[in-house]
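Scroll down for the structure; my scribbles are underneath it.
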Amino acid sequence: MKTELLEENWTTLAQADMDKTVIFVGIAPVEEHGRHLPLGVDVYETERWMRDAAALLAEREPTLTCGILPVIPLGFANMGRFPGNVHVSRKLIYQVVYETISAVAGWGVKNILVISGHADPLHTIAVEQACDTLNRERGMTALAPMGAIFSAAEKGIKGEPHEELAHMEAQYPNDFHAGWVETSCMLDIRPELVGDCYRDRPDISLQGRELMDGGRVAAAIAGEGHIGFPRAASESLGRLLNEDSAEKICTAAERFAARQGYECYQHHPLYEIPALRLRLD
Ligand SMILES: [Zn+2]
């Protein structure tokens, strides 16, 4: 069973078998996404992926109850001074995730999945740390798989290999923000919110390490706001990308609920670098 928790009353949860209940919690920022995409891209992506993953999971594992909480519209999203950005501290992200999943764990839930469409490693790692704290206190209860899913190849996470996506990734790499990846996702999720001008946006290409240099990023994206290749987007690519995300999230949730083979989803590859973790003292 899949259910939107805002539409239920508390007795639904009181009757649920908590060992067989999976709750999805979303957290993603309101943030500029270029001239062609709305501020809510990460929120829309997170909503879509959680819903589709929960539906897939309920289908694959009919004995599970899958509940979805609304997306918390917050993120560590440091994209400069564009109007529309709501960039908050990692400390707040950590705290709001920790307190939210603690509350859900207080219902007796043993399987909490924290999902975010926002791929910034600093955001992701703070979310993972909130799960780690809860897991230390209560035993394994929460999993934030997106850091691993966004780095699937590095983490040895396999999906359906798709030729068209592999070809695009080779031809248009480092498509970090509001480029062909997110524009395609939005053409599939909410096409009416994608400005036709995506076809005319300039290519803005930055390599991995250049992204760490705030001044460099600000200069490269000035007047635009995207990093990547929006013009290469299409609705059919978006469908493949969204299906791939939902499938990977579903598999992570399925393994976590079975407590089998979920370990590779626990951390972003950069989690191992102490300087990138939030100091919690
Ligand atoms: Zn985004």
Side-chain angles (χ1 to χ4, degrees), residues 26-53 70-88 90 93 97 114-127 144-152 165 168-169 172-191 193-195 197-198 201 203-206 208 210-212 214 217-218 220-221 224-235 237-242 244-246 248-249 268 270:
I27 179 159
V30 175
E31 181 186 39
E32 72 81 14
H33 276 77
R35 289 176 171 268
H36 58 296
L37 291 178
L39 301 176
V41 167
D42 290 9
V43 175
Y44 295 127
E45 288 173 341
T46 305
E47 265 170 9
R48 169 67 173 270
W49 299 347
M50 284 201 302
R51 288 218 172 92
D52 288 1
V71 178
I72 301 164
L74 289 175
F76 179 87
N78 196 5
M79 284 302 287
R81 292 175 181 273
F82 289 86
N85 282 354
V86 183
H87 166 52
V88 302
R90 302 177 75 203
I93 295 303
V97 172
V114 187
I115 303 303
S116 183
H118 185 56
D120 184 330
L122 295 176
H123 171 84
T124 308
I125 289 168
V127 172
M146 296 313 294
I149 288 175
F150 283 132
S151 312
L165 291 181
M168 285 296 290
E169 275 151 24
Y172 301 103
N174 302 320
D175 189 85
F176 291 112
H177 183 70
W180 69 267
V181 172
E182 284 192 305
T183 306
S184 297
C185 288
M186 285 302 290
L187 284 169
D188 181 41
I189 299 171
R190 294 289 297 271
L193 300 180
V194 181
C197 66
Y198 79 86
R201 303 275 45 87
D203 297 345
I204 298 178
S205 184
L206 288 169
E210 293 172 310
L211 276 184
M212 298 289 187
V217 172
I221 68 173
E224 287 288 342
H226 65 274
I227 305 170
F229 311 87
R231 65 180 170 85
S234 74
E235 188 192 333
L237 287 169
R239 202 171 315 127
L240 293 175
L241 288 160
N242 289 322
D244 185 61
S245 295
K248 287 194 168 95
I249 292 167
H268 191 286
L270 297 177

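Below, each value reflects all heavy atoms present in this structure, side chains not excepted, and no hydrogens, waters or symmetry copies. For ligands, and for the atoms within them, numbers begin at 1 and follow the listed sequence. Along the sequence shown, residues carry numbers from 1.
Residues passing the side-chain contact (heavy atoms from CB on, under 4.5 Å) test with V86 are V30, V88, sequence neighbours excluded. Checked against salt bridge (charged side-chain N to carboxylate O under 4.0 Å, His left out), E169 has no partners two or more places apart in sequence or in another chain.
Relative orientation of the Y172 and F229 rings is tilted, given thresholds of 30° and 60° on the angle between their planes. Ring-plane geometry between Y198 and H36 is classed as tilted, the angle between the planes lying from 30 to 60 degrees on a 0 to 90 degree scale.
Within E182, the N/O/S atom positioned nearest the Zn ion (ligand 1) carries the name OE2. Residue-level check: among N/O/S atoms of D42, OD1 sits closest to the Zn ion (ligand 1).
With a cut-off of 2.8 Å, the Zn ion (ligand 1) has no N, O or S atom of H118 in range.
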